[in-house]
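Comments concern the structure below.
When a residue number appears, it is its place in the shown sequence, counting from 1. Note that these values count all heavy atoms, side chains included, but never hydrogens, waters or copies made by symmetry. Whatever order the structure lists them in is the order used to number ligands and atoms, beginning at 1.
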Amino acid sequence: MAPSAVSSSSSSSSHPDPLTPPIRILVTEKLSPEGLALLRSTGFQVDTPTSPPLSPADLLKQIPFYHALIVRSETKVTAAVLQAAASSSKLRVVARAGVGVDNIDVDAATRQGVIVVNSPSGNVLAAAEHTIALLMAVARNVGAADRGMKEGRWNRGALVGVEVGRKVLGVVGMGKVGVRVARMAKGLGMKVVVFDPYASAELCREVGVEVRGKLIDMLPEVDFLTVHTPLLASTANLLGEKELRSMKKTARVLNVARGGVYNEEALLKALDEEWIAGAGLDVFTSEPPSAGSVAARLAAHPKVVSTPHLGASTVEAQENVSMDVCTQVVEILRGGLPTAAVNAPLILPEEYRKLQPFVRLIERMGSLYTQHFARGRGGMVGGRRFELVYHGELAGMSKTRPLFAALVKGLVSSISDLGGRDVNIVNATLIAKERGLAIDEKHVRDGGTVPRYAGAVTLRSVGTDESAAQTSEQVIEGYASGNAVYISKLDRFTANFQPEGTLLVLHNYDEPGKIGNVGFILGQHKINITFMQVAGLEGELGPAATSQLVQLEDGPVEAAGGHVAKEALMILGVAGEVTQEVLDELAKSGGILDVSLVRL
Ligand SMILES: NC(=O)C1=CN([C@@H]2O[C@H](COP(=O)(O)OP(=O)(O)OC[C@H]3O[C@@H](n4cnc5c(N)ncnc54)[C@H](O)[C@@H]3O)[C@@H](O)[C@H]2O)C=CC1
Ligand SMILES: O=C(O)C(=O)COP(=O)(O)O
């Protein structure tokens, strides 16, 4: 059923599509025709906005019918919208034809596995130019002069302005827009000072701006102030009463970023009480400002030049953003990768059913590696060479990027924070490089040592460092059966356990009484054992077993009963708090070689 508040069109497809047609795309705001034509040329059904636009209630009703949603700044893609979309599991992507994604609940989208993409630079020149337009308009009272002329007044005396050349412009946020504004302002003969705690010092030097360490210290020196930060919890109300009071009475402020970066009530007061001289505002906390709101009073204020969120509204910018996001939507709906994902996942929706168990398996193998081999045994993850060997059905797959990303994620996420970044398909290669992880992928069609499973993986690691400990080979093997994943080999031991929850891996001599001792220690600490498995040496029953005996100095170990002790791994699933004290007690218990605690 076609939605009532939108018109639709489609054309036949020349490309195979992984989703079941008809593939439907909802565009809720005006988008340049170039992008729409691209969508239609792929055979997708594109529903474009009609007048009046979809209400929030209508959007909730319509969204379950769509695979993609394309918006600009007016549509609020709330958690409720994403929840409604989840009812049909169709929605793959929300595309923002522009920069700011503050109107999209990105976390909720991530939780639902919906990719959010934007056009990170398609409209930044337009936004910068609009900032300069407002700068000049505010300096020369262009708005009031135009209004007066249209109303038949010739009031030159009341419209004397100020020059911008040789004045100081303060820029808050030296990102893509901020840098362009700074360059243009320099071209106008202004001195530019900037505040951006995350800006590159080199870039600032290159643009020729002076960096200030504290916003509050910069404010008293500026004649004009412009903000170019995203709207985040940390930038909301960045400019409040205290900040505005610290400025010159002749200063003028600009906002082509987002309503709310200046506290609107404080700004209104600053204008009314003449703490500052004027403002140029393109954005407001509610758009359009609701009648009687502070935003509406600001827009109507005689000292304000206001525009209705026109920063990105140029023919060129709209063509850019339209093509940027429509190209990405097509790519995602065909199972490919976006170029500007705001929340890139580890795995794309299209690949989900087939790859998901292996992504989970490999992520857990990576995490098990780090916690068992590297952390548990004082080794390292960085500086090692890893080999991911795909067997069985996986050997025939060419698109293994999510598996590579899953390994990087598993290896690094349990040991350190990623500087605020989560590993995903877009950044995995970069993060691996930063961490010094060399990862090779191999496809082995003969099934290797695990031929009985439909899809199995071997993770092998060799140190690139000179020391013996770092060069030794370490191996983990695993396989997926249905949705469940299993570890079938850990180091030299043949196992069969699900890598889940909290695990204790004890490397020990396989001799009587060991299990009882371990159980006793855990019991004393009120730790429950949820499962237990003893993993023997690989090929234990065959001739290889004898060569795997533990060598301590001169010869094989004599166990308590006088027989030769062999090594084993005891793998325990546990529930309860495993403290360092517990680990130390276990490690000291007779016959235990080492213990590692693994949380998966
Ligand atoms: N009015 C309009 O039509 C348009 C508005 N925009 C708005 O402009 C914003 C900026 O766009 P871009 O320059 O492309 O973003 P960007 O991400 O390239 O730059 C943002 C800059 O803000 C800085 N920043 C973040 N928190 C800060 C803080 N607390 N104090 C100082 N600096 C901080 C960042 O370090 C970064 O350099 C967008 O998020 C969007 O909201 C963008 C395009 C059009
Ligand atoms: O790209 C941005 O962040 C903008 O603010 C542009 O908004 P718009 O697409 O014109 O509604």
Side-chain angles (χ1 to χ4, degrees), residues 27-32 35 49 53 70-77 95-104 106 116-134 170-183 193-204 207 209 211-219 225-240 243 254-262 280-285 287-288 306-322 324-325 340 342 420:
V27 182
T28 55
E29 293 173 63
K30 188 162 170 24
L31 209 64
S32 270
I70 303 181
V71 302
R72 287 178 56 189
S73 60
E74 286 181 28
T75 309
K76 307 293 172 227
V77 187
R96 162 49 163 130
V99 178
V101 289
D102 45 288
N103 53 322
I104 300 167
V106 178
V116 179
V117 297
N118 72 347
S119 167
S121 52
N123 64 20
V124 294
L125 180 62
E129 288 185 357
H130 195 67
T131 308
I132 299 296
L134 285 185
V171 176
V172 181
M174 268 295 268
K176 296 181 296 295
V177 180
V179 165
R180 283 169 176 77
V181 169
R183 285 191 204 278
V193 294
V194 308
F195 170 72
D196 182 337
Y198 317 105
S200 135
E202 200 184 315
L203 178 70
C204 292
V207 179
V209 298
V211 180
R212 299 289 182 258
K214 279 190 175 164
L215 177 61
I216 198 75
D217 293 345
M218 178 177 91
L219 296 175
L225 180 74
T226 184
V227 296
H228 298 288
T229 68
L231 180 63
L232 306 166
S234 54
T235 57
N237 302 312
L238 196 60
L239 282 300
E243 289 75 19
L254 307 168
N255 191 357
V256 185
R258 279 294 177 274
V261 176
Y262 294 92
L281 305 177
D282 183 47
V283 286
F284 302 87
T285 50
E287 294 181 358
S306 55
T307 50
H309 201 145
L310 290 183
S313 292
T314 63
V315 173
E316 298 87 345
Q318 285 310 306
E319 281 177 16
N320 292 343
V321 299
S322 176
D324 272 1
V325 297
V342 174

Closest non-hydrogen protein atom to [atom], residue and atom name please, with distance?
{"atom": "atom 4 (C) of ligand 1", "result": "Val256 O, 3.7 Å"}
{"atom": "atom 19 (O) of ligand 1", "result": "Gly175 CA, 3.2 Å"}
{"atom": "atom 36 (C) of ligand 1", "result": "Asp196 OD2, 3.5 Å"}
{"atom": "atom 11 (O) of ligand 2", "result": "Ser73 OG, 2.4 Å"}
{"atom": "atom 39 (O) of ligand 1", "result": "Pro230 CA, 3.3 Å"}
{"atom": "atom 31 (C) of ligand 1", "result": "Pro197 CD, 3.4 Å"}
{"atom": "atom 43 (C) of ligand 1", "result": "Asn123 OD1, 3.3 Å"}
{"atom": "atom 29 (N) of ligand 1", "result": "Thr235 CG2, 3.6 Å"}
{"atom": "atom 16 (P) of ligand 1", "result": "Lys176 NZ, 3.6 Å"}

Problem set entry | Identified side-chain contact (heavy atoms from CB on, under 4.5 Å) partner of Leu225 from the options Val171, Leu219, Leu254, Val193 | Leu219
Exercise. Stepwise, does the side chain to side chain contact (heavy atoms under 4.5 Å, CB included) test hold for Leu125 with Glu316?
Worked result: CA-CA 10 Å; Leu125 180 62; Glu316 298 87 345; over 6 Å; no
Please confirm whether the backbone N or O of [Y] pairs with a side-chain atom of [X], one donor and one acceptor, at under 3.5 Å?
{"X": "Glu243", "Y": "Gly240", "value": "yes"}
{"X": "Asp282", "Y": "Gly311", "value": "yes"}
{"X": "Thr235", "Y": "Pro230", "value": "yes"}
{"X": "Thr307", "Y": "Leu310", "value": "no"}
{"X": "Gln318", "Y": "Ala312", "value": "yes"}

Heavy-atom nearest option to [atom], drawn from [options]:
{"atom": "atom 9 (C) of ligand 1", "options": "Leu281, Val177, Thr229", "value": "Thr229"}
{"atom": "atom 6 (C) of ligand 2", "options": "Arg96, Arg72, Glu74", "value": "Arg96"}
{"atom": "atom 40 (C) of ligand 1", "options": "Arg258, Arg180, Arg72", "value": "Arg258"}

Problem set entry | Positive for side chain to side chain donor-acceptor pair (under 3.5 Å) with His309, one of Glu74, Arg72, His130, Glu287 | Glu287
For this session: Decide whether Ser32 and Ser322 meet the rule of one side-chain donor and one side-chain acceptor closer than 3.5 Å.
Result: no
Exercise. When you check the side-chain N and O atoms of Asn103 and Ser73, is any donor under 3.5 Å from an acceptor?
Worked result: no
Distance under 4.0 Å to a non-hydrogen atom of [X]: what atoms of ligand 1 satisfy this?
{"X": "Ala127", "answer": "43 (C), 44 (C)"}
{"X": "Gly311", "answer": "1 (N), 2 (C), 3 (O)"}
{"X": "Val124", "answer": "14 (O)"}
{"X": "Met174", "answer": "37 (O)"}
{"X": "Gly173", "answer": "22 (O), 23 (C), 32 (N)"}
{"X": "Ala312", "answer": "3 (O)"}

Is any side-chain heavy atom of [X] closer than 4.5 Å to a side-chain heavy atom of [Y]?
{"X": "Met218", "Y": "Val172", "result": "yes"}
{"X": "Ser200", "Y": "Tyr198", "result": "no"}
{"X": "Asn123", "Y": "Val99", "result": "yes"}
{"X": "Arg96", "Y": "Val325", "result": "no"}
{"X": "Leu215", "Y": "Leu238", "result": "yes"}

For this session: Pick one of side chain, backbone, both or neither for how Ala312 approaches ligand 2, counting any non-hydrogen atom pair under 4.0 Å.
Result: side chain
Exercise. So, is Asp282 polar-close to ligand 1, with some N/O to N/O distance under 3.5 Å?
Worked result: yes
Exercise. Is the closest heavy-atom distance from Arg258 to ligand 2 below 4.0 Å?
Worked result: yes
Exercise. Can a non-hydrogen atom of Ala97 be found less than 4.0 Å from any atom of ligand 2?
Worked result: yes
Near [X], which atoms of ligand 2 are under 4.0 Å from a heavy atom of that residue?
{"X": "Gly100", "value": "1 (O), 2 (C), 3 (O)"}
{"X": "His309", "value": "4 (C), 5 (O), 6 (C), 7 (O)"}
{"X": "Gly98", "value": "1 (O)"}

For this session: Would you check, one step at a time, whether the test side chain to side chain contact (heavy atoms under 4.5 Å, CB included) holds for Val227 with Leu239?
Result: CA-CA 9 Å; Val227 296; Leu239 282 300; 3.8 Å; yes
Exercise. Ligand 1 versus His309, non-hydrogen atoms closer than 4.0 Å: side chain, backbone, both, neither?
Worked result: side chain
Exercise. Under 3.5 Å between some N or O of ligand 2 and some N or O of Val99?
Worked result: yes
Problem set entry | Asn123 N/O under 3.5 Å from ligand 2 N/O | yes
For this session: Could you tell me whether Lys76 atom NZ has more than 12 heavy atoms of other residues or ligands within 6.0 Å of it?
Result: yes
For this session: Measure the distances from the heavy atoms of Ala257 to every atom of ligand 1 and state whether one is below 4.0 angstrom.
Result: yes
